[in-house]
Engineer: 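Let me begin by handing over the structure; questions about it come next.
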Amino acid sequence: GIVMDNHKLVHKVVQQALRHRSVSTQSNGHMRANSSRKTEESEESRSNSPENGCRRIFSVQETVIDYLIKRDPNFQAIHDAFIIHLLLFLIFTFVKDSYTVGRMISVYRSGFGSSKDVINVLVMEGCLLLLAFSVHPLFKVWVFIRRSAQFLVDITFILLYATYVVGTLIVTLYVISRYSYPRLMVFFIVIEQFRLTMKSYSFIRENAYKVLYPWHKDDTSGPAVWYAGQMSPTVGSFSQYCYFLFCPTLLYRDHYPRTPSIRWYAVILYFAQFLVTVWCCTFIVTNVLYPLTMKESDIMHSVMLTVLMAFISVLVAHTSILYAYLNMWSELLCFADRKFYDDWWACTSFSSFYRKWNLLVHDWIHSYVYLDMKKFLGKRLAVFSTILVSSIVHEYMLAMPLGFVLPVVTFLFAGIGMFFYVLKPLAIRRVSNLFILGCFSIGTAIIIFCLLMEYKAREYCPLEENTWANLWTPQAPSCYVKSNP
């Protein structure tokens, strides 16, 4: 009887423990979901704070992928498998080109063009750099002579800088329209023109504050505290400005965290990954997604491939630029802050996804566009205006190499995307994450498909003359009708 009583007592204790564990597990799950939502909301509130948002503090940190590779062998295996598949793409391209066109670099030549094209683009890059270098001495002249006639000198300097920005834009447009450079090289020119413009603007904004509102490094408030010692009260030197023009960030600081030395093996590794990813991205677009004709069967085949491969192509492009290329320059310049993006693949809201996808551009837009607009328009209109400006800039960067304007990016991100932007994450984190990734995959597939169809239509059904109206008028519907009687 005593044994039976003890058995019943143990059974009762075990059942109570199991019920308590089930309840605690559910409560912990809800707590984790709530904490994740609170973390993203607190992150959003911090990024929207003028005191913290426009004064980013740089620190020694590595990219998210490198962090996960070092600490998680499972992620390292997935990353290595991804690299192996990219190498297989590379080998397949070698074999395909050797049989079809007789040489093994046709894909690269289609993107970069001949050696003469590369040299001409590098010369133009040098001219853009020389113009960007001239911003620093002109700024020093403004600081020196504004003591006598501040208003007149300030207006003159603003007009000179506006002339520099508009002049580089006009020259870039003229060169692109005058000379038939390969599409990838045109994209490189446009990116460089915008990169140097954004960098020079950040240098002027950060250093003009020193001149207009002087401060001391021993102050207990203001810039002495905001920048955590990364800015000095005096205007940055020319060497600091030159370093800023090449380092992988768009926000100017007098001092950045640095690594002790250059790891040349890492430079070679990142450069090799950059070449492989560029090669594979070019291969996917030109050999997999690009339709052969405007026939209905070829278009349907392209639709299915684009839905399947759009996310992969964007992921390869993201790895190429924001991981391999920027890390290579970080190693060469001993730049220690390498958080160029965050874990965008784990986001549960579009607001956090927009921030984490590209931290370099987000920090610049948030500091110099959103916060300025917020002072006059309020938070909601400032968010919409910022996304609209970003979408228009993306349209320009796509229109220059493609040769036409198709505002599908603006329609999806500044139109439909604004509706999803204001949505709060769902209670179940995994469902919210799957929804974000699904919408991103569908959106990128629509963008890539529409742009490729329009480009193929203008190639398959050439226009009699290139007018300003034809630049904005879609040709894919009419070409489709002609090709499918």
Engineer: Please check: side-chain N/O of S177 versus main-chain N/O of Y174, any donor-acceptor pairing under 3.5 Å?
Structural biologist: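 Side chain of S177 to backbone of Y174, a donor-acceptor pair under 3.5 Å: yes, one is there.
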Engineer: Which residue is it: M453, K456, E454? I am looking for the one with a side chain to side chain contact (heavy atoms under 4.5 Å, CB included) to Q475.
Structural biologist: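 Option passing the side chain to side chain contact (heavy atoms under 4.5 Å, CB included) with Q475: E454.
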Engineer: Under the side chain to side chain contact (heavy atoms under 4.5 Å, CB included) test, which residues partner E296, sequence neighbours left out?
Structural biologist: M300, Y480, N484
Engineer: Give a yes or no on whether the backbone of V278 and the side-chain of T282 come within a donor-acceptor separation of less than 3.5 Å.
Structural biologist: yes
Engineer: Taking the six-membered ring for Trp, are F413 and H394 closer than 6.0 Å centroid to centroid?
Structural biologist: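 Between H394 and F413, which both carry aromatic rings, the centre distance is not below 6.0 Å.
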Engineer: Would you find a donor on one side and an acceptor on the other, under 3.5 Å apart, between the side chain of S202 and the backbone of M198?
Structural biologist: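 No, S202 side chain to M198 backbone: no donor-acceptor pair under 3.5 Å.
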Engineer: For this output row, return yes or no: ring centroids of Y201 and Y368 closer than 6.0 angstrom.
Structural biologist: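 Yes, ring centres under 6.0 Å apart.
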Engineer: Under 30°, 30 to 60°, or over 60°: which ring-plane class applies to W344 and F353, parallel, tilted or perpendicular?
Structural biologist: perpendicular
Engineer: Is it true that a side-chain atom of S330 and a backbone atom of L326 form a donor plus acceptor pair closer than 3.5 Å?
Structural biologist: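 Here the side-chain-to-backbone pair exists.
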Engineer: Can the ring centres of Y323 and Y270 be said to be less than 6.0 Å apart?
Structural biologist: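 They qualify: ring centres under 6.0 Å apart.
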Engineer: Answer yes or no: are there more than 12 heavy-atom neighbours, outside Y67 itself, under 6.0 Å from its atom OH?
Structural biologist: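 For Y67, atom OH is not crowded (no more than 12 foreign heavy atoms under 6.0 Å).
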Engineer: Quick one: list whatever passes disulfide bond (SG atoms under 2.5 Å apart) with C461, sequence neighbours left out.
Structural biologist: C479
Engineer: Side chain to side chain contact (heavy atoms under 4.5 Å, CB included) for Q193 and L169? Distances and angles first, verdict last.
Structural biologist: CA-CA 7 Å; Q193 182 248 324; L169 179 64; 3.9 Å; yes
Engineer: Atom CZ of residue position R71 - does it have more than 12 heavy atoms of other residues, nucleotides or ligands inside 6.0 Å?
Structural biologist: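 Atom CZ in R71 is crowded, with more than 12 foreign heavy atoms closer than 6.0 Å.
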Engineer: Working to the nearest 0.5 angstrom, can you tell me the gap between H79 NE2 and D66 CG?
Structural biologist: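 Reported to 0.5 Å precision, the distance equals 7.5 Å.
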Engineer: Is the backbone N or O of V64 less than 3.5 Å from a side-chain atom of K339, with the two atoms forming a donor-acceptor pair by type?
Structural biologist: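 No; zero donor-acceptor contacts below 3.5 Å.
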Engineer: Checking K295 now: which residues fulfil side chain to side chain donor-acceptor pair (under 3.5 Å) with it, not counting sequence neighbours?
Structural biologist: none
Engineer: Please answer whether the main-chain N or O of L402 pairs with a side-chain N or O of R458 as donor and acceptor at a distance below 3.5 Å.
Structural biologist: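 The answer is no, because no donor-acceptor pair under 3.5 Å joins these two groups.
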Engineer: When you measure from the side chain of K70 to the backbone N and O of Q76, does any donor-acceptor pair fall under 3.5 Å?
Structural biologist: no
Engineer: Assess the side chains of S200 and Y161: does a donor N or O sit below 3.5 Å from an acceptor N or O?
Structural biologist: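 Side chains of S200 and Y161: pair found under 3.5 Å.
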Engineer: Y455 ring centre to R183 NZ or CZ under 6.0 Å, with the angle to the axis within 45°?
Structural biologist: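 No - R183 does not lie over the ring of Y455 by the 6.0 Å and 45° rule.
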Engineer: Give me the one residue out of F350, F440, Y341 that meets ring pair (Phe, Tyr, Trp, His ring centres under 6.0 Å) with W357.
Structural biologist: F440
Engineer: Measure the OH-OG1 distance between Y164 and T197 for me, rounded to the nearest 0.5 Å.
Structural biologist: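 It is 4.5 Å, given to the nearest 0.5 Å.
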Engineer: Give me the atom names and distance for the closest heavy-atom approach of S313 to I284.
Structural biologist: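 Heavy-atom minimum between the residues: CB-CG2, 4.0 Å.
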Engineer: Mark yes or no for whether R195, through its side chain, and L250, through its backbone, hold a donor-acceptor pair below 3.5 Å.
Structural biologist: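 Here the side-chain-to-backbone pair does not exist.
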Engineer: Cation-pi check for Y256 against R258: NZ or CZ below 6.0 Å from the six-membered ring centre and within 45 degrees of the axis, yes or no?
Structural biologist: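 Not flagged: R258 not positioned over aromatic ring of Y256.
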Engineer: Do T348 and S432 meet the criterion of a side-chain donor-acceptor pair at a distance under 3.5 Å?
Structural biologist: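 S432 and T348 do not have a side-chain donor-acceptor pair below 3.5 Å.
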Engineer: Would you check if the side chain of T319 reaches a backbone N or O of L315 as a donor-acceptor pair within less than 3.5 Å?
Structural biologist: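 Answer holds: yes.
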